[in-house]
*Asks:* 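The structure is given below, and queries will be raised subsequently.
Excluded from the calculations below are hydrogen atoms, water molecules and symmetry mates; all remaining heavy atoms, backbone and side chain alike, are included. Note that the structure is predicted; figures quoted are calculated from it, not measured.
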Amino acid sequence: MEKIFTVGERPLNGEVALSGRKNATLAILAAALVADSGQNVLSNVPQISDVRVMTEILAGLGVHARFAGKNTLIVDSTGMHSTRAPYELITKMRASFSVLGPILARFGTASVALPGGCDIGARPVDFHLKGLELMGAKIEVEHGFVEASAPNGLHGAKILFDRSSVGATTHLMAAAALAKGTTQILNAAAEPDVVTCAGFINAMGGKVRGAGTRSIEIEGVPSLRGAAFAVETDRIEAGTFAVAAAITGGDVYIRDAVEDHLAPVVLKLEEMGMFVSFDAGGMRVRTVGGRLKAVNIEASPHPGFPTDLQPIFAAALALADGTSVITETVYERRFKYVDELARMGADTKTNGNAAVIHGVERLSGAPTAGTDLRATAALVLAGLAAQGMSEISGVQYLDRGYEDFEAKLQSLGGNVWRAAQPSKEAGASSSDGGSAVPIAQKTSNIPLGS
Ligand code: EPU
């Protein structure tokens, strides 16, 4: 099994380009099923394993999905012939459950296995199912499958979520796009992924209004057709590289970062003592010298601080001056990384839905285990700041959501690589701070704008 190896204490400097947004792409791929004519030509689609799993699910339904170039995905769902999405693939990834509503809206019947996903707490699908029922679907759960039927099609409905859900919002928007009449989703999620997915549905001829606010209205149309659509850059990836600069005391320009999507992230980076600026091409994050400052973070739905970045900020706060408290309100358990950071010398403990982090002056390289996508990324960044070598397992999680992660970090000067075993020389370097690591680094010397 391959692992990620790092040798730390080297500032990351240079310029990095962002990939397309994972979560928006997954929502778009499910929504693409409502098009019964034409092709969807999706650009800036990240090459990550979650996208590959989703294209396999689409292929199983009879949809043609193929990459034409590294990041352009052509999805043609006109010939979709199956209404059953298999257990083996759906259980790999929660987002794939969102094929249920579009299949149902188009064919009046759908059979989709109950989902899986990263282990970060109970992740029910009750909002998804309740919404579809309000739209006229009959739902039964049998042998691990959701069996849904709506022989006369779905109809518009007024749906109130008890709490904000990105997946349920995008799922029901796509189903409602083909329903008879108008659907209103109240207490909808307002994440940029929802706005992007609504933009895609509208590009296919749908009528979605209000995405990005708490109240979304979808006027159903009789049919939708494939369209060309570009996925925006990934704000969570942007936040990850921003923290890579912060934790290593570096200076990184993140190309195509979108300022509007990153407000809470920027405010926290500034509070931690980083200098952040935007220009037309992206965001620059640089150290102003000295230790990072401790901050408190509460992860909450947009426009709050994104939960997907709390493990990553925790890694940097492990080295900050003072005590930070991270409170998680979206998931019930997203602190498994805390024990792994402790292996590297972090002084952290959890208390209910909060992690208390007393910053230390130095982390030391250690073997650690990533337990989900963002936890693994956090450990890699901690490894890049730590003294000596770290080995991080969990590459299968990392590959779910980051395109070319090590290559991008290497281009910034990060001493990071993937291998089954550390090389002999690298192993020898773990006690001396890693000066003899055999990985040739491609350090970017691109000048940074001010
Ligand atoms: N919830 C319910 N019932 C439902 C749906 C959600 O109780 O029917 C609860 C969940 O248990 C959770 C909360 O509502 O406590 C929010 O869940 P949400 O539905 O918003 O999450 P999601 O759509 O399943 C997406 C991202 C996650 C991200 C969350 C929150 C995708 C593929 N995943 O999940 O991304 O954390 O929104 O922003 O879009 C990640 O990228 O690492 C990741 C986990």
*Asks:* If you look at every heavy atom in Thr25 and Val51, which pair is closest and at what distance?
*Replies:* CG2-CG2, 3.9 Å
*Asks:* Residues two or more places apart in sequence or in another chain: which of them pass salt bridge (Lys or Arg N to Asp or Glu O under 4.0 Å) with Asp256?
*Replies:* none
*Asks:* Going by the rule side-chain hydrogen bond (donor to acceptor under 3.5 Å, both in side chains), which residues pair with Thr287 if we only count those two or more places apart in sequence or in a different chain?
*Replies:* none
*Asks:* If you measure from the Lys or Arg side-chain nitrogens to the Asp or Glu carboxylate oxygens, is any gap between Asp251 and Arg284 under 4.0 Å?
*Replies:* yes
*Asks:* Listed by chain and number, what are the side-chain hydrogen bond (donor to acceptor under 3.5 Å, both in side chains) partners of Glu232, not counting sequence neighbours?
*Replies:* Arg21, Thr196
*Asks:* So does Gln39 get a backbone contact from the side chain of Asp76, meaning a donor-acceptor N/O pair under 3.5 Å?
*Replies:* no
*Asks:* Could you check whether Tyr253 and Asp279, counting side-chain N and O atoms only, form a donor-acceptor pair closer than 3.5 Å?
*Replies:* yes
*Asks:* Just by distance, do the side chain of Ser96 and the backbone of Met54 share a donor-acceptor pair under 3.5 Å?
*Replies:* no
*Asks:* Give a yes or no on this: more than 12 heavy atoms of other residues, nucleotides or ligands lie within 6.0 Å of atom CD of Gln421.
*Replies:* no
*Asks:* Are any of the side-chain heavy atoms of Leu317 and Val295 separated by less than 4.5 Å?
*Replies:* yes
*Asks:* Going by the rule side-chain hydrogen bond (donor to acceptor under 3.5 Å, both in side chains), which residues pair with Lys3 if we only count those two or more places apart in sequence or in a different chain?
*Replies:* Glu391
*Asks:* Please tell me whether Gln310 and Tyr337 have a donor and an acceptor in their side chains that are separated by less than 3.5 angstrom.
*Replies:* yes
*Asks:* Apply salt bridge (Lys or Arg N to Asp or Glu O under 4.0 Å) to Asp50 and Arg94, showing your working.
*Replies:* CA-CA 10 Å; Asp50 272 8; Arg94 178 177 166 86; over 6 Å; no
*Asks:* Glu237: what forms a salt bridge (Lys or Arg N to Asp or Glu O under 4.0 Å) with it, not counting sequence neighbours?
*Replies:* Lys408
*Asks:* Just say parallel, tilted or perpendicular for the rings of Phe161 and Phe127, cut-offs at 30° and 60°.
*Replies:* parallel
*Asks:* Any salt bridge (charged side-chain N to carboxylate O under 4.0 Å, His left out) pairs touching residues 292-303, not counting sequence neighbours?
*Replies:* none
*Asks:* Quick one: which residue pairs count as a ring-ring contact (aromatic ring centres under 6.0 Å, His included) with a foot in residues 27-69, not counting sequence neighbours?
*Replies:* none
*Asks:* Would you please name every residue forming a ring-ring contact (aromatic ring centres under 6.0 Å, His included) with His261, sequence neighbours left out?
*Replies:* none
*Asks:* Tabulate below the donor-acceptor pairs under 3.5 Å that side-chain atoms of residues 163-171 make, not counting sequence neighbours, or state none.
*Replies:*
unit_1	atom_1	unit_2	atom_2	d
Arg163	NH2	Thr329	O	3.1
Arg163	NH2	Val330	O	3.1
Ser164	OG	Arg214	NH1	3.4
Ser165	OG	Ala168	N	3.0
Thr169	OG1	Ser165	O	2.6
Thr169	OG1	Ala189	N	3.1
Thr170	OG1	Val166	O	3.2
Thr170	OG1	Gly167	O	3.2
His171	ND1	His128	ND1	2.9
His171	NE2	Gly101	N	2.7

*Asks:* Should Asp260 and Arg235 count as an ion pair when the cut-off is N to O under 4.0 Å?
*Replies:* no
*Asks:* So, Thr371 versus Tyr397: side-chain donor-acceptor pair below 3.5 Å or not?
*Replies:* no
*Asks:* Taking 4.0 angstrom as the limit, do Glu328 and Arg334 come out as a salt bridge?
*Replies:* no
*Asks:* I'd like to check the salt bridge (Lys or Arg N to Asp or Glu O under 4.0 Å) partners of Glu340; sequence neighbours left out, ordered by chain and number.
*Replies:* Arg343
*Asks:* Without swapping roles, check the side chain of Asp234 against the backbone of Lys22 for a donor-acceptor pair under 3.5 Å.
*Replies:* yes
*Asks:* Which pairs of donor and acceptor atoms, one on a side chain in residues 357-370, lie under 3.5 Å apart (sequence neighbours left out)?
*Replies:*
unit_1	atom_1	unit_2	atom_2	d
His358	ND1	Thr323	OG1	2.8
Arg362	NH1	Gln387	OE1	2.3

*Asks:* List the residues meeting side-chain hydrogen bond (donor to acceptor under 3.5 Å, both in side chains) with Ser300, not counting sequence neighbours, and say none if there are none.
*Replies:* none
*Asks:* Specify the closest pair of heavy atoms between Asn71 and Pro46, including all atoms of both residues, with the distance to one decimal.
*Replies:* ND2-CA, 4.0 Å
